[in-house]
Amino acid sequence: MNYWLMKSEPAVYSIDHLKKEKVTYWDGVRNYQARNFMRDKMKKGDKVFFYHSNAEPPGIAGIAEVEKEGYPDPSQFDKKSKYFDPKSKKENPTWILVDIKYVKKFKDLLSLDLLRSVSGLDEMLLLKKGQRLSIQPVSKEEWNVIQKIAE
DNA sequence: GCCAACGTTGGC
DNA sequence: GCCAACGTTGGC
């Protein structure tokens with residue numbers, strides 16, 4: 001079982017959207033590292049922190065779970081989509097996504113500020129300077145520390 | 001294969 | 001809205 005953190009701008013898609021929809025497909029990722037995680041590493045049942053980026057305040061809003069493992073992102077073939085990629089071929093798709101399922105919304109959002117103040121998270125990717133990756137691995141220890149704070 | 005120019009992310 | 005930090009592109 002692996003642990004992850006996935007960023008979303010709440011103005012575009014928040015944890016409340018996911019709560020309502022129950023399941024969503026994580027389209028629009030156009031970064032190779034993030035794609036590789038979805039293609040190679042994310043397994044059904046893996047736990048995911050749902051992170052609100054570009055938000056006031058930014059922070060972890062709740063928990064989701066991988067529902068369906070990697071498959072081609074349909075938006076790459078959709079000419080009308082802003083995620084359309086003319087270089088990607090149907091027989092060899094460039095972009096892969098996963099489906100994720102709502103698990104829970106935290107009573108209080110764990111703000112980036114708060115996370116920075118917690119000991120044991122010093123090595124967390126999210127808190128590293130210049131780290132922009134929209135899908136990041138989270139260690140079991142980090143997961144447990146954060147989970148505990150949320151409760 | 002180098003690297004300058006450009007585009008994007010995301011906190012502030 | 002600014003801009004640092006990074007990723008990508010494309011000329012050479």
Side-chain angles (χ1 to χ4, degrees), chain A residues 2-21 24-42 46-66 69-139 141-143 145-150:
Chain A
N2 292 310
Y3 301 93
W4 306 95
L5 179 141
M6 298 173 88
K7 297 181 185 173
S8 182
E9 300 192 21
V12 178
Y13 196 92
S14 75
I15 192 144
D16 291 317
H17 290 114
L18 182 61
K19 184 174 183 179
K20 203 147 127 200
E21 282 196 314
T24 194
Y25 49 93
W26 205 263
D27 67 345
V29 170
R30 295 295 179 267
N31 170 283
Y32 287 104
Q33 249 185 297
R35 178 209 60 186
N36 292 348
F37 287 138
M38 290 199 284
R39 186 187 60 188
D40 306 331
K41 304 282 191 206
M42 295 180 87
D46 281 2
K47 303 289 191 210
V48 176
F49 282 135
F50 194 110
Y51 181 84
H52 283 176
S53 63
N54 259 322
E56 192 47 56
I60 298 174
I63 295 177
E65 192 179 303
V66 177
E69 295 176 13
Y71 64 98
D73 179 346
S75 69
Q76 68 194 306
F77 304 122
D78 178 2
K79 284 200 174 64
K80 291 188 294 257
S81 169
K82 67 169 179 169
Y83 299 124
F84 177 63
D85 181 351
K87 286 185 292 189
S88 182
K89 301 282 170 263
K90 275 240 163 68
E91 58 275 15
N92 184 22
T94 307
W95 305 110
I96 300 296
L97 53 67
V98 297
D99 287 355
I100 66 162
K101 175 173 85 176
Y102 175 80
V103 175
K104 72 157 125 175
K105 178 183 177 178
F106 291 155
K107 196 143 63 70
D108 299 301
L109 178 124
L110 304 181
S111 73
L112 190 58
D113 262 359
L114 175 75
L115 294 171
R116 284 191 202 287
S117 75
V118 174
S119 66
L121 298 181
D122 315 327
E123 291 303 309
M124 195 177 178
L125 279 181
L126 178 72
L127 307 180
K128 295 246 160 137
K129 189 176 170 178
Q131 181 52 69
R132 308 182 313 185
L133 201 55
S134 64
I135 298 178
Q136 310 178 350
V138 172
S139 75
E141 291 72 26
E142 289 159 358
W143 181 275
V145 167
I146 293 169
Q147 170 99 292
K148 203 162 278 170
I149 303 168

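A, B, ... follow the sequence lines: proteins, then strands. Residue 1 opens every chain.
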- Query: To the nearest 0.5 Å, what is the distance between CG (A:Leu112) and CG (A:Leu126)?
  - Reply: 5.5 Å
- Message: Can you confirm whether the side chains of A:Tyr71 and A:Asp99 place a donor and an acceptor under 3.5 Å from each other?
- Response: yes
- Message: Less than 4.0 angstrom from a charged side-chain N to a carboxylate O is my criterion; do A:Glu69 and A:Arg39 meet it?
- Response: no
- Message: Whether the side chain of A:Arg30 and the base of B:dT8 hold a donor-acceptor pair under 3.5 Å is what I'd like checked.
- Response: no
- Write down the distance between OH (A:Tyr32) and C1' (B:dG7), rounded to a whole number of angstrom. 15 Å
- Among the nucleotides C:dA5, B:dG11, B:dG10, whichever has the atom closest to the side chain of A:Pro58 is B:dG11
- OP1 or OP2 of B:dT9 less than 4.0 angstrom from a side-chain nitrogen or oxygen of A:Tyr51, does that happen here? no
- Task: Take the protein atom OH of A:Tyr83 and the nucleotide atom C1' of B:dT8, then report the distance between them rounded to whole Å.
- Result: 12 Å
- Note on the structure: Here the distance between atom P of C:dG7 and atom CZ of A:Arg35, to the nearest Å, is 15 Å
- Task: Write down the distance between CZ (A:Arg132) and P (B:dG11), rounded to a whole number of angstrom.
- Result: 12 Å
- For the pair A:Asp46 and A:Glu65, evaluate side-chain contact (heavy atoms from CB on, under 4.5 Å) and give the outcome as yes or no after the intermediate values. CA-CA 6 Å; A:Asp46 281 2; A:Glu65 192 179 303; over 6 Å; no
- Query: In whole Å, what is the span from the CD atom of A:Gln131 to the P atom of B:dT8?
  - Reply: 19 Å
- For B:dT9, does OP1 or OP2 lie under 4.0 Å from any side-chain N or O of A:Lys7? no
- Send over the distance from A:Asn54 CG to B:dG10 C1', rounded to a whole Å. 5 Å
- Message: Let's see if you can work this out: which of C:dA5, B:dG10, C:dT9 has an atom nearest to the side-chain heavy atoms of A:Lys129?
- Response: C:dA5
- Query: A:Ser134 has a side chain; which of C:dT9, B:dC12, B:dG10 sits nearest to it?
  - Reply: B:dG10
- Task: For A:Leu125 and B:dT9, give me the distance from atom CG to atom P, rounded to whole Å.
- Result: 18 Å
- Message: Of the options B:dG10, C:dG7, B:dC12, whose atoms approach the side-chain atoms of A:Gln33 most closely?
- Response: C:dG7
- Rounded to whole angstroms, how far apart are CG on A:Asp85 and C1' on B:dG7? 15 Å
- Have a look at A:Lys128 and say if it touches a base, only the backbone sugar-phosphate, or nothing, with a 4.0 Å heavy-atom cut-off. nothing
- Hey, can you tell me if A:Trp143 and A:Phe49 have their rings parallel, tilted or perpendicular (30° and 60° cut-offs)? parallel
